[in-house]
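Heads up: the structure comes next, in C-alpha cells.
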Amino acid sequence: MNAPSYIDCYYSRTLATPESYPSAVGRLEADVCIVGGGLAGLTAALKLVRAGRSVVLLEAQRVAWGASGRNGGFVSAGYATGLNAIERKVGPDQAKELFRLSMEGVDIVRRHIADLGIVEAQPVPGIAKALRYDSKGALRAARDRQERDFGQTTRYLTREETRDLFASPKYHEALLDDGAFHFHPLNYGRALAREAVRLGAAIHENSPVLSVHLDGPRKILKTKDAEVEARDVLFTTGGYTSGILPALKASYLPIATYVLLTESAPDLVRSAIRTSAAVLDDRRAGDYYRLVDGGNRILWGGRITTRTTDPADIAALLRREMVTTYPQLADLKVDVAWSGLMSYARHLMPQIGQLKPGVWFCTAFGGHGMNTTAIGGTVIAEGIAGESDRYRLFKPFGLAWNGGIFGRAAVQLTYWSYQAADALRERGSA
C-alpha cells in the first residue's frame, strides 16, 4: 500500500529526497518498538540503534508527518512554560538542570545537522524575541539572568535597533539569540530516519497500531498486517494519538496552530523584515515568522485553538495578523496555508518517563518542540539502554489528566484571556 502524502505546505513542496518506507507486514521482533515517527521517536530510534539495540518504528502516516514536519522550524532553548513556573514546581536547582537539558537539545539538533551533513535542513542562525510593549528593564534583567545562570548570551535590542531589523510600529524592544537557529524540520526528520535505517533500524510507515498487550515481559503490538514483539515499547505519539494507550491520550490535549507561506516578493518582503533572523513575539501563542526561499517569502505562524479541524478562513486569519504587524505588506498575497496538531500537557512541559516495566513514553512537546523532542528522545533512549536516568528529571511533570472536554474549554478560555490581556498591555504601550 502506498504511503499517504504529506499535507500541502512549504516543507512538503521543498522535500529534498523522495524515499518512503514500507508498511509493516508479518511477524517482527526487536529489542525496542517505537510507536510514532515524529522527531522524538526518530531521535530515540537513532540513539538506540547506535547503542546496539534492534529497533522497529511504527508510524501511522509518514515520518515527521504531524507537528514535527509542519511547524515554524525554530530551534532555541527553553520549554513551552517559563523558567519561573518550572522553579515553582521543582525548585531552582532542578529547574536549572531541566533548562540545561533544553540547551543540550539545541546542540543535539545542531550536531545531527553537522555530523550527518543534512544540508537540506537549511539552518539559519538567529531568533529574536520581540516585545510589543516596554518591559521597563524586565527584558534586560531576563537576559542578564540567562547569561549568569546558564552562560547563554543574547543581544538586547533597543526600540530603534529592533525596528531597524523588523520595520513594524508594534515592537518596542527585543532579545536576539545568535546561538539559536531556524531550519527545515521535515527534511531534518527524514534525514534522521534515513540514518537510523542505514544503521539497521526498521521503519514502517502507514502502519497504525491497532492493539497492544503490554503486561508481559515481551510486549505485543498489532497493526493491520503485522505483529511486533519487543522487550521495550516507547510511545512517542503527539497531537494525532489514537486511543491504544488510554493513560497517554487522556494526559494531553491536541492543540492546533496555523502557518502560511506568502508569494515570492523579495522587495516587498525586505521592506518589512531586514534580517535573516527569525522572530517570535512575547504574547502567549503570539506570532512567529521567518524568511524562507532565500529571503523571497515569509513563513508566518500564529494563533492556537482546541479546534481540530481547519477553519475555512485560515489564510485570511493569519494574513490579517501579518498585515496588522506590517501594514506595508498589505499587497502581499498568500501562497498556501496549513495547520497542525501539537500535544500540550496541562503543565506545559514534556511528558517523559516509564509507565510500567518496559513501557515508556516521550511526548507533549507542543509550543517548543524542536529542542525538546531532541533531548526527550535522547534521555528516554538512554533510560531504555540503561545508560542514564536523566529522564527522571521530568518525573514531576507526569501524565496529569487533561480534563477532557472541560480541559479543552479551559484551555480555549485561558487563551482568550491571554489575548485580551496582551491587547490591553499593547494598547498601554502604544
Side-chain angles (χ1 to χ4, degrees), residues 43 72 74-112 123 125-158 161-162 171-182 277-284 286 288 344-345 347-353 362 364-380 382-383 388-398:
T43 302
F74 287 50
V75 188
S76 62
Y79 297 94
T81 194
L83 184 57
N84 289 337
I86 299 172
E87 286 181 343
R88 287 194 295 271
K89 179 73 172 180
V90 302
D93 292 341
Q94 188 168 342
K96 287 179 180 179
E97 288 189 76
L98 284 165
F99 192 85
R100 289 190 184 97
L101 286 183
S102 81
M103 296 173 65
E104 184 181 338
V106 176
D107 290 337
I108 289 168
V109 179
R110 183 181 286 110
R111 285 200 308 272
H112 279 156
I127 295 178
K129 177 182 179 181
L131 270 60
R132 292 183 173 226
Y133 64 97
D134 184 349
S135 72
K136 303 191 183 304
L139 190 62
R140 287 179 184 265
R143 177 205 60 182
D144 293 344
R145 182 187 180 189
Q146 295 284 62
E147 185 168 353
R148 181 184 67 246
D149 291 350
F150 305 107
Q152 187 179 32
T153 302
T154 55
R155 286 191 285 152
Y156 176 80
L157 303 180
T158 65
E161 290 170 327
T162 301
Y171 298 130
H172 289 256
E173 54 185 334
L175 288 183
L176 179 57
D177 183 355
D178 292 310
F181 61 96
H182 51 102
V279 189
L280 55 86
D281 70 37
D282 64 298
R283 299 172 299 166
R284 173 64 68 180
Y288 51 93
Y344 271 86
H347 45 60
L348 301 181
M349 283 290 285
Q351 295 171 319
I352 300 171
C362 182
F365 297 105
H368 219 300
M370 296 301 93
N371 65 311
T372 54
T373 49
I375 192 60
T378 297
V379 299
I380 204 70
E382 289 174 355
S388 86
D389 63 353
R390 296 198 296 167
Y391 72 90
R392 295 184 186 276
L393 286 167
F394 293 92
K395 187 174 182 179
F397 305 96

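Every heavy atom of this structure was used, including side-chain atoms; hydrogens, water molecules and symmetry mates were not. The structure presented is a predicted model; accordingly, all values stated were derived computationally and were not measured. Residue indices begin at 1 and follow the sequence shown.
Closest non-hydrogen pair, G179 versus V106, comes out as O-CG1, 4.3 Å.
Between D107 and R110 there is a salt bridge, since a side-chain N of the basic residue sits under 4.0 Å from a carboxylate O of the acidic one. Taking a cutoff of 4.0 Å between a charged side-chain nitrogen and a carboxylate oxygen, D178 and R155 qualify as a salt bridge. A salt bridge links E87 with R145: the distance from a Lys NZ or Arg NE/NH1/NH2 to an Asp or Glu carboxylate oxygen falls below 4.0 Å.
Considering NE2 of H172 and OG1 of T162, their distance stands at 10.0 Å, rounded to 0.5 Å.
With 3.5 Å as the limit, one finds a donor-acceptor pair spanning the side chains of Y156 and E173.
The backbone N or O of R392 lies less than 3.5 Å from no partner atom in the side chain of D389, so there is not a single donor-acceptor pair. Without hydrogens or angle criteria, Q94 side chain to L393 main chain gives a donor-acceptor distance under 3.5 Å. Checked by atom type and distance alone, the side chain of T81 never pairs as donor or acceptor with a backbone atom of A85 at under 3.5 Å. Side chain of R88 to backbone of L83: no donor-acceptor contact under 3.5 angstrom is found. A donor-acceptor pair is defined here as one N or O able to donate and one able to accept, closer than 3.5 Å; such a pair exists between the side chain of E161 and the backbone of T158.
The aromatic rings of Y79 and F394 sit perpendicular, their planes meeting at an angle over 60°, well past the 30° parallel limit. Taking the six-membered ring for Trp and thresholds of 30 and 60 degrees, H347 and F397 have ring planes more than 60 degrees apart, a perpendicular arrangement.
Applying the salt bridge (charged side-chain N to carboxylate O under 4.0 Å, His left out) rule to E97 yields no partners; only residues at least two apart in sequence or on another chain are considered.
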Atom pairs and distances, donor-acceptor, side-chain atoms in residues 364-372, under 3.5 Å, two or more places apart:
from, atom 1, to, atom 2, distance (Å)
H368, ND1, G78, O, 3.4
H368, ND1, N371, OD1, 3.0
H368, NE2, A77, O, 3.4
N371, ND2, S76, O, 3.2
N371, ND2, G78, O, 3.0
N371, ND2, S102, O, 3.2
T372, OG1, H368, O, 2.6

